Number of protein chains: 2
Amino acid sequence: MAITIKDVAKLANVAPSTVSRVIANSPRISENTKKRVREAMEELGYHPNFIARSLASQSTKVIGIVLPHSSGVFFQNPFFAEVIHGLSEGAREKHYALQMTTGKTEDELYQGVMQMVQGGRVDGIILLYSRIDDKILSYLKDRNFPFVVIGKPFESVEQITHVDNDNYLAAKEATEYMINLGHKKIGFIGGSPSLTVTIDRLNGYKEALKNSKIKLNENYIIHEEFHREGGQDAVMALLRRSIPPTALIVTDDLMALGVVNSLTEMQIDIPNEVSIISFNNALFAEMSRPPLTSIDIHIVELGYQAARSLIQLLENENEPVKRIIIPHHLVVRHSCASPSILISSDIE
Amino acid sequence: MAITIKDVAKLANVAPSTVSRVIANSPRISENTKKRVREAMEELGYHPNFIARSLASQSTKVIGIVLPHSSGVFFQNPFFAEVIHGLSEGAREKHYALQMTTGKTEDELYQGVMQMVQGGRVDGIILLYSRIDDKILSYLKDRNFPFVVIGKPFESVEQITHVDNDNYLAAKEATEYMINLGHKKIGFIGGSPSLTVTIDRLNGYKEALKNSKIKLNENYIIHEEFHREGGQDAVMALLRRSIPPTALIVTDDLMALGVVNSLTEMQIDIPNEVSIISFNNALFAEMSRPPLTSIDIHIVELGYQAARSLIQLLENENEPVKRIIIPHHLVVRHSCASPSILISSDIE
DNA sequence: ATGAAAGCGCTAACAA
DNA sequence: TTGTTAGCGCTTTCAT
């Protein structure tokens with residue numbers, strides 16, 4: 001068995017409780033005994049047992065992070081690595097550990113979260129996604145368990161601390177960018193319609209069209225999964241429209257990559273025949289041929305702020321509910337151009 | 001306070017230890033009382049407290065994973081997401097949780113590992129890298145703490161369970177592939193020379209050259225970090241050689257991407273002027289223009305097997321030390337060709 | 001400023 | 001087959 005607080009106490013000739021106070025650096029212990037105790041700890045190579053401490057103090061200093069189910073897809077997307085990067089920075093700074101839960105099905109995931117929460121494994125939880133009617137979110141909310149969501153909660157927005165982009169605005173700007181280039185037939189390729197990020201971006205897109213008096217064409221809106229195949233399927237569907245769009249708002253780089261693949265294969269020129277703007281600005285956007293104009297949403301920062309917010313929530317009894325909006329910005333590359341007069345008038 | 005084992009015991013009219021045995025599904029409890037106890041648990045919505053269980057049983061059912069320091073670079077590389085994917089599958093199947101440690105410096109990382117280990121936070125550890133003279137590995141080994149490394153340990157290979165590819169063979173085959181195409185001036189762009197993966201691949205490269213009686217040119221060997229800039233710097237250096245290589249073995253996709261970028265910018269044709277073969281076969285390899293011939297090392301499987309091996313180690317008193325080799329395979333795309341007679345004879 | 005002692009929720013050895 | 005009891009290593013009242 002390892003060195004315990006008792007061993008230290010014995011060597012330093014004090015009570016275990018005194019050692020405990022020294023660890024917590026209680027001001028009620030004289031510098032003198034603090035020094036003695038610390039020397040004893042040093043000499044014995046003592047390290048506090050976190051589990052015991054957790055049990056006694058009812059706090060673990062670990063944060064649980066919940067990936068969406070079907071995490072297979074999620075792992076492939078650069079979003080995952082970046083958000084974890086940010087989370088791990090934020091957690092490490094405050095000396096919190098990170099624990100991960102995944103599940104193949106929603107129910108498996110739910111069980112995992114329940115174990116984390118009721119098992120007392122974590123002090124708080126960060127949801128890496130936000131969707132409509134999420135059982136897990138309801139569970140956390142009902143139990144009043146501390147949590148933060150990355151993305152905008154679908155309901156009770158005012159009561160849930162979350163870190164998000166202004167996805168409505170970002171999509172509106174992206175769409176306006178296309179409109180300003182002269183596009184009128186603009187397609188929208190979004191993720192699952194049950195994700196709030198998709199809903200917000202779709203609304204931004206619609207608003208921009210409305211403001212410019214462009215009639216919304218429901219046939220121009222496609223929902224697919226956030227991976228390459230999703231983008232491919234989406235663009236194929238869009239190309240089957242009697243009048244295909246000349247510009248596409250694609251809400252994920254990996255999808256956009258699929259879009260580019262398909263168009264390239266069909267020898268459709270980007271940006272002269274179809275313009276594309278993507279979201280997230282992962283390395284893929286830069287690597288694509290042509291390089292994609294993309295909206296950078298600063299994913300690392302999203303994770304970093306989420307970790308910090310949760311920790312504040314945990315450490316401050318009555319920390320208010322917060323909404324943190326991470327700014328986005330447009331990175332212009334070479335996937336957007338004015339619609340070719342030829343083509344657009346040709347078809348009409 | 002939440003429902004405890006005592007509450008259940010009271011309701012079911014048994015002793016707490018009986019409830020504990022029911023949880024563990026001990027065969028020494030009658031089906032009858034099992035049923036009664038389970039009903040009580042159900043009725044109260046009882047969930048066992050993992051922390052208390054961990055303290056009493058001295059086992060946490062959590063696995064610690066250690067990223068290399070300078071994890072900033074590591075997070076960017078698709079290797080990270082894939083290996084975590086595999087780890088999380090392997091851990092979840094056996095109902096283990098995953099906890100992550102990162103650090104900006106080696107010392108910070110070391111402290112983190114010490115906390116995990118001595119703090120009793122984890123039952124075992126997986127190192128996601130393998131380097132020469134690793135303090136952390138020595139620490140784990142000295143304390144006899146269960147761990148598994150992904151990659152080949154530099155020392156005591158026979159005494160440390162690890163999951164690896166046959167990197168020596170993979171690089172040898174890659175090099176032979178180039179030789180068979182007719183290349184004689186073959187460059188090697190590897191990662192840090194303190195990583196065993198680099199060492200193994202370099203040795204495989206050298207062996208292939210030797211077997212084909214091609215004289216080793218130390219100027220053709222470059223070491224850089226596993227990211228794009230690394231690849232760019234490396235290829236620039238190689239191009240400054242009086243006789244630049246006509247083929248490149250690049251031990252990482254992201255680096256290869258940098259190589260391709262630089263060559264493309266300089267209007268050097270791939271594969272006609274320079275052939276490239278990369279490692280890992282991430283999406284980047286496929287996306288690159290031209291698409292890269294690459295060696296797929298099955299990173300997800302690496303993670304999956306690592307998790308399983310560690311769990312076996314933890315659950316079986318005298319599980320033997322194991323070395324698991326994940327097969328690799330060559331994926332041929334369009335970045336390799338025979339050296340142009342013109343160019344190679346021209347220069348010589 | 002320090003010590004004694006109870007207890008966090010569970011497991012496991014020992015009894016019965 | 002089940003109950004009793006003593007910890008696991010720490011924190012935290014309550015005394016002193």
Side-chain angles (χ1 to χ4, degrees), chain A residues 1-38 40-41 44-62 114-123 315, chain B residues 1-38 40-41 44-62 114-123 315:
Chain A
M1 202 74 323
I3 313 298
T4 77
I5 212 171
K6 283 187 189 168
D7 302 315
V8 176
K10 207 168 292 170
L11 182 61
N13 244 304
V14 293
S17 51
T18 301
V19 178
S20 175
R21 289 185 185 107
V22 173
I23 295 170
N25 200 16
S26 157
R28 313 188 328 186
I29 300 289
S30 74
E31 281 309 320
N32 213 299
T33 58
K34 271 190 189 173
K35 184 158 165 284
R36 231 174 51 245
V37 169
R38 287 193 180 120
M41 298 195 328
L44 296 172
Y46 169 78
H47 280 263
N49 181 314
F50 267 95
I51 300 298
R53 170 182 291 187
S54 298
L55 184 58
S57 67
Q58 303 287 29
S59 114
T60 60
K61 294 277 181 186
V62 4
M114 273 189 37
Q115 285 213 354
M116 272 194 166
V117 172
Q118 317 230 18
R121 278 180 184 283
V122 299
D123 290 347
E315 301 198 332
Chain B
M1 202 72 328
I3 311 300
T4 78
I5 212 171
K6 283 188 189 168
D7 302 316
V8 177
K10 206 169 291 172
L11 183 62
N13 243 307
V14 293
S17 52
T18 301
V19 178
S20 175
R21 289 185 185 107
V22 173
I23 295 170
N25 200 16
S26 158
R28 316 188 327 186
I29 300 287
S30 75
E31 281 309 320
N32 213 298
T33 57
K34 272 189 188 173
K35 183 156 166 286
R36 231 175 50 246
V37 170
R38 287 195 178 120
M41 297 193 331
L44 296 173
Y46 168 78
H47 280 264
N49 181 315
F50 267 94
I51 299 297
R53 172 184 288 187
S54 297
L55 184 59
S57 66
Q58 303 286 29
S59 115
T60 59
K61 294 277 182 188
V62 6
M114 274 189 36
Q115 286 213 354
M116 272 194 166
V117 171
Q118 317 229 19
R121 277 180 185 281
V122 299
D123 290 347
E315 301 198 332

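The structure displayed is predicted, hence computed values, not measured ones.
In this structure, of C:dG9, D:dT12, D:dT2, it is D:dT12 that holds the atom nearest to the side chain of A:S20. Checking C:dA13, C:dT11, C:dT2 against every side-chain atom of B:R53, the shortest atom distance belongs to C:dT11. When distances run from any side-chain atom of A:A56 to the nucleotides C:dT2, D:dC8, C:dC8, the shortest one goes to C:dC8. Side chain of A:A52, nearest nucleotide from D:dT12, D:dC10, D:dG3: D:dC10. Considering only the side chain of A:P48, D:dC10 comes nearest among D:dC10, D:dT2, D:dG9. Listed nucleotides: C:dC10, D:dC10, C:dA12. Nearest to the side chain of B:T4: C:dC10. For A:S17, counting side-chain heavy atoms from C-beta on, the closest listed nucleotide (D:dC10, C:dT2, D:dT12) is D:dT12. Out of C:dT11, D:dT11, D:dC10, the shortest distance to the side chain of B:S57 is found at C:dT11.
Considering only heavy atoms from C-beta on, A:I23 comes within 4.5 Å of A:M41 through its side chain. When side chains are defined from C-beta on, B:N49 does not count as touching B:T4, because their heavy atoms never get closer than 4.5 Å. Using a 4.5 Å cut-off on side-chain heavy atoms (C-beta onward), A:T60 and B:R121 make no contact. Annotation: side chain of B:T18 is in contact with side chain of B:I29 (closest heavy-atom distance under 4.5 Å).
When all heavy atoms are compared, the tightest approach of A:I5 to A:V19 is CG1-CG1, 3.4 Å. Between A:A12 and A:A40, the closest heavy-atom pair is CB-CB, 3.9 Å. Among all heavy-atom pairs drawn from A:S54 and B:I51, the shortest one is CB-CG2, 3.7 Å.
In this structure, A:V19 reaches neither bases nor backbone, as no heavy-atom distance under 4.0 Å exists between it and the strands shown. Counting non-hydrogen atoms under 4.0 angstrom, A:S30 reaches the backbone sugars and phosphates but no base. As judged by a 4.0 angstrom heavy-atom cut-off over every strand, B:S54 is placed among residues making no nucleic acid contact.
Atom pair A:D7:CG and D:dC8:P shows a separation of 11 Å (rounding to whole Å applied). The distance between atom CD1 of A:I51 and atom P of D:dT11, rounded to the nearest whole Å, is 13 Å. Rounded to a whole Å, the CZ atom of A:R28 is 10 Å from the P atom of D:dT13. In this structure, B:R36 atom CZ and D:dT2 atom P are separated by 8 Å, rounded to whole Å. Atom CD1 of A:I5 is separated from atom P of D:dC8 by 14 Å (rounded to the nearest Å). If you measure from atom CG of B:D123 to atom P of D:dC8, you get 18 Å, rounded to the nearest angstrom. In this structure, A:E31 atom CD and C:dT2 atom C1' are separated by 15 Å, rounded to whole Å. In this structure, the CG atom of B:L55 is 8 Å from the C1' atom of C:dC10, given to the nearest Å.
Of the side-chain N and O atoms in B:Q58, one or more sit less than 4.0 angstrom from OP1 or OP2 of D:dG9. For B:T18, a side-chain nitrogen or oxygen approaches OP1 or OP2 of D:dG3 to under 4.0 Å. Side-chain N/O atoms of A:T33 include none lying less than 4.0 angstrom from OP1 or OP2 on C:dA1.
In the displayed structure, B:K34 atom NZ is contacted under 6.0 Å by more than 12 heavy atoms of other residues, nucleotides or ligands.
Between the side chain of B:R21 and the base of D:dT1, no donor-acceptor pair of N or O atoms lies under 3.5 Å.
Each of A:H47 and B:N32 was assigned the nucleotide of DNA chain D with the nearest heavy atom; the assignment lying further toward the 5' end belongs to B:N32.
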Given side chain to side chain contact (heavy atoms under 4.5 Å, CB included), test B:L44 with B:V8 step by step and report yes or no. CA-CA 7 Å; B:L44 296 173; B:V8 177; 4.1 Å; yes
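Across its full length, the helix from C:dA1-D:dT16 to C:dA16-D:dT1 shows an angle of 40° between the axes of its 5 terminal pairs at either end, rounded to 10 degrees.
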